[in-house]
Amino acid sequence: MTISRTKKLIGVTAAAGLLIALAGCGSAPEADPTEGGDAGNVVEGFTPCLVSDDGGFNDKSFNQSALEGMERAAEELGVEAIEVESSSANDYAPNLENLIAEGCTFIVSVGFKLSADTITSANANPDVSYAIIDDWADNTGATNDEGDDIGDGTTDAPNIKPLMFDTVQAAYLGGYAAAAWSAQSGVNKVGTVGGIPIPPVTIFMDGFVQGVEKYNEDKGAAVETLGWDVDSQQGSMTGGFQANDTAKQAMQGILDQGVDVILPVGGPIYQSARDAITDGGSGTVMLGVDSDLAVADPSVADMVLVSIMKRIDEAVYQATLEASTGELDVAPYVGTLENEGVGLSGFGSFESQLPEGLADELATLQDQIISGELEVTSPSSP
């Protein structure tokens, strides 16, 4: 466990301004966080805090993005933030307890895996405000045919604000772009590997596969997708979010089937994709997730075709500003293409190599998704 206190902003990713403006931006939904406040409205004793999942704050992905959002808010508000890093699932409950002991008044939990412990902490501390990323904090109240808790549509603690993202929309655009790239090269094979089969992972994979299917439909193409089946919700997984030999072998299993684009979904496991690509000497490119990976980790910029982004940093920033006034609206926030909560990064050095007309096609698809003309959903959609 690592605890740090931050008053000064130590880094904001350049990705903050790189959500691609493919076409007009719609207005935010009612559940969008407020436009924030100013330091003069901060309630006395406001202490924002953040707890990572076991991927850690240096994952170049959702934990790091959340950290950047928290630090940005703390800098703007002139308050001290406390950030605690989890090294394993066993750290979640103790970390939350420690944050309460430190006097935190607003706690953000990073990720689905902290759901149960966050609910327990929130119920035990009703005067503390919470937010959780990628989870409804709704685990009880109804059961499925097997008797498992599936939730009843209401958060299990009244002081938790879910920060959700309809990532399937952006992943659809990423899949379409990947298919266009592979078709242009003549390979006609793309693939994906997830960390573990949880909704924040599989929603990327669903959108990716559907985007490839859309490309095939529009172009009369036959780009094959390996590693994930949307209907069965089964596919290639590494079993965790660690960049290790197991993850590298999973990546290699997809690369060995001849893909020239791969989507690793699970924070640090992109490093295993990088290593497998490098060892194989192939020209395969990859797609980043959550943050603009080419910016978050410049060492892989020459491998990253594009990134499928969730503006976790902005959602955490806005929620922190709102909580600082003592009036956090716990209505769920859902990031979409319309409110720019999700989107594609730029294509970086690959911009000049894109198939002719691809940017316009992506812009049209984005417009159609925003207008509702094109429905893009996943079993994991919020």
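Throughout, residue positions are numbered sequentially from 1 according to the sequence presented. Treat the numbers as computed from the prediction; the structure is a model and nothing was measured.
- Here Asn95 contributes atom CG and Ile82 contributes atom CD1; the two are 12.0 Å apart, rounded to the nearest 0.5 Å.
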* Apply side chain to side chain contact (heavy atoms under 4.5 Å, CB included) to the pair Val128 and Phe106, showing each step before the final yes or no. => CA-CA 6 Å; Val128 176; Phe106 175 56; 6.0 Å; no
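- When all heavy atoms are compared, the tightest approach of Phe208 to Ala178 is CE1-CB, 3.7 Å.
- No donor-acceptor contact under 3.5 angstrom links the side chains of Asp297 and Gln271, judged on distance only.
- Salt bridge status for Glu361 with Lys219: present, with a side-chain N to carboxylate O gap under 4.0 Å.
- The aromatic rings of Phe62 and Phe241 sit perpendicular, their planes meeting at an angle over 60°, well past the 30° parallel limit.
- Using a 3.5 Å distance cut-off with no hydrogens or angles, the side chains of Ser121 and Tyr130 do pair a donor with an acceptor.
- Annotation: the span from Asp134 atom CG to Ile198 atom CD1 amounts to 8.0 Å, rounded to 0.5 Å.
- The same ILVMFWY cluster, assembled from side-chain heavy atoms under 4.5 Å apart, contains both Ile203 and Leu287.
- Minimum heavy-atom separation, Asp156 to Asn123: O-ND2, 3.2 Å.
- Under a hydrophobic-cluster definition in which Ile, Leu, Val, Met, Phe, Trp and Tyr are linked whenever side-chain heavy atoms come within less than 4.5 Å, directly or via other members, Leu263 and Leu362 are assigned to the same cluster.
- Both Val289 and Leu163 are part of a single hydrophobic cluster, where members link through side-chain heavy atoms under 4.5 Å apart.
- Looking at heavy atoms from C-beta onward, Thr140 lies out of side-chain contact with Asp152 at the 4.5 angstrom threshold.
- The nearest pair of heavy atoms linking Thr238 to Ala250 is CG2-CB, 4.0 Å.
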* Could you please spell out the steps behind the side chain to side chain contact (heavy atoms under 4.5 Å, CB included) verdict for Ile160 and Ile119? => CA-CA 8 Å; Ile160 300 178; Ile119 291 167; 4.1 Å; yes
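- Here the shortest heavy-atom pairing between Phe165 and Lys310 reads CB-CD, 3.7 Å.
- Looking only at atom types and distance, the side chain of Asp59 has a donor-acceptor partner in the side chain of Asn63 under 3.5 Å away.
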* To do: Would you check, one step at a time, whether the test side-chain hydrogen bond (donor to acceptor under 3.5 Å, both in side chains) holds for Asp290 with Ser65?
  => CA-CA 8 Å; Asp290 296 328; Ser65 185; over 6 Å; no
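- A donor and an acceptor atom, one from each side chain of Asp91 and Ser87, are located under 3.5 Å apart.
- Salt bridge present: Lys248 and Asp279 bring a charged side-chain N and a carboxylate O closer than 4.0 Å.
- Under the 4.5 Å side-chain contact rule for hydrophobic residues, Val304 and Leu173 do not share a cluster.
- A pairwise comparison of heavy atoms in Pro382 and Val334 identifies CG-CG1, 3.8 Å as the closest pair.
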* **side chain to side chain contact (heavy atoms under 4.5 Å, CB included) between Val285 and Met303, worked out** => CA-CA 5 Å; Val285 297; Met303 291 185 180; 5.7 Å; no
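- Salt bridge absent: Lys189 and Asp260 never bring a charged side-chain N and a carboxylate O closer than 4.0 Å.
- The shortest heavy-atom contact between Ala247 and Ile269 is CB-CG2, 4.3 Å.
- Side-chain contact check for Thr202 and Ser380: at least one donor-acceptor pair (N or O, by modelled atom type) lies under 3.5 Å.
- Expressed to the nearest 0.5 Å, how far CG of Asp292 lies from CE of Met309 amounts to 5.5 Å.
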* **Residues Ser88, Asp54; criterion side-chain hydrogen bond (donor to acceptor under 3.5 Å, both in side chains); working and verdict** => CA-CA 5 Å; Ser88 75; Asp54 55 0; over 6 Å; no
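- Checked by atom type and distance alone, the side chain of Gln64 never pairs as donor or acceptor with a backbone atom of Ser291 at under 3.5 Å.
- Ile196 is not connected to Val193 by any chain of hydrophobic side-chain contacts under 4.5 Å among Ile, Leu, Val, Met, Phe, Trp and Tyr, and they are in different clusters.
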* **Test side-chain hydrogen bond (donor to acceptor under 3.5 Å, both in side chains) applied to Ser232 and Asp229, step by step** => CA-CA 6 Å; Ser232 68; Asp229 182 87; 2.9 Å; yes
* To do: Go through the steps to decide whether Ser115 and Asn139 satisfy the test side-chain hydrogen bond (donor to acceptor under 3.5 Å, both in side chains), and finish with yes or no.
  => CA-CA 8 Å; Ser115 181; Asn139 303 326; 3.0 Å; yes
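- Looking at Gln210 and Tyr176, their side chains never bring a donor and an acceptor atom within 3.5 Å of each other.
- In this model, a donor atom of one side chain and an acceptor atom of the other lie less than 3.5 Å apart for Asp206 and Trp228.
- Summarising the geometry, atom CZ belonging to Phe347 is positioned 9.5 Å from atom CH2 belonging to Trp181; distances are rounded to the nearest 0.5 Å.
- Expressed to the nearest 0.5 Å, how far CE of Met251 lies from CD1 of Ile277 amounts to 9.0 Å.
- Using a 3.5 Å distance cut-off with no hydrogens or angles, the side chains of Gln318 and Glu322 do not pair a donor with an acceptor.
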* Would you sort out whether Ile262 and Thr192 count as a side chain to side chain contact (heavy atoms under 4.5 Å, CB included), showing the intermediate values? => CA-CA 5 Å; Ile262 189 168; Thr192 182; 5.9 Å; no
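- In summary, the side chains of Ser86 and Asp53 do not present any donor paired with an acceptor at a separation below 3.5 Å, with no hydrogens or angles considered.
- Within 6.0 Å of the CD atom in Gln368, the count of heavy atoms belonging to other residues, nucleotides or ligands exceeds 12.
- For the atom pair OG1 (Thr118) and NZ (Lys113), the distance works out to 13.0 Å, reported to the nearest 0.5 Å.
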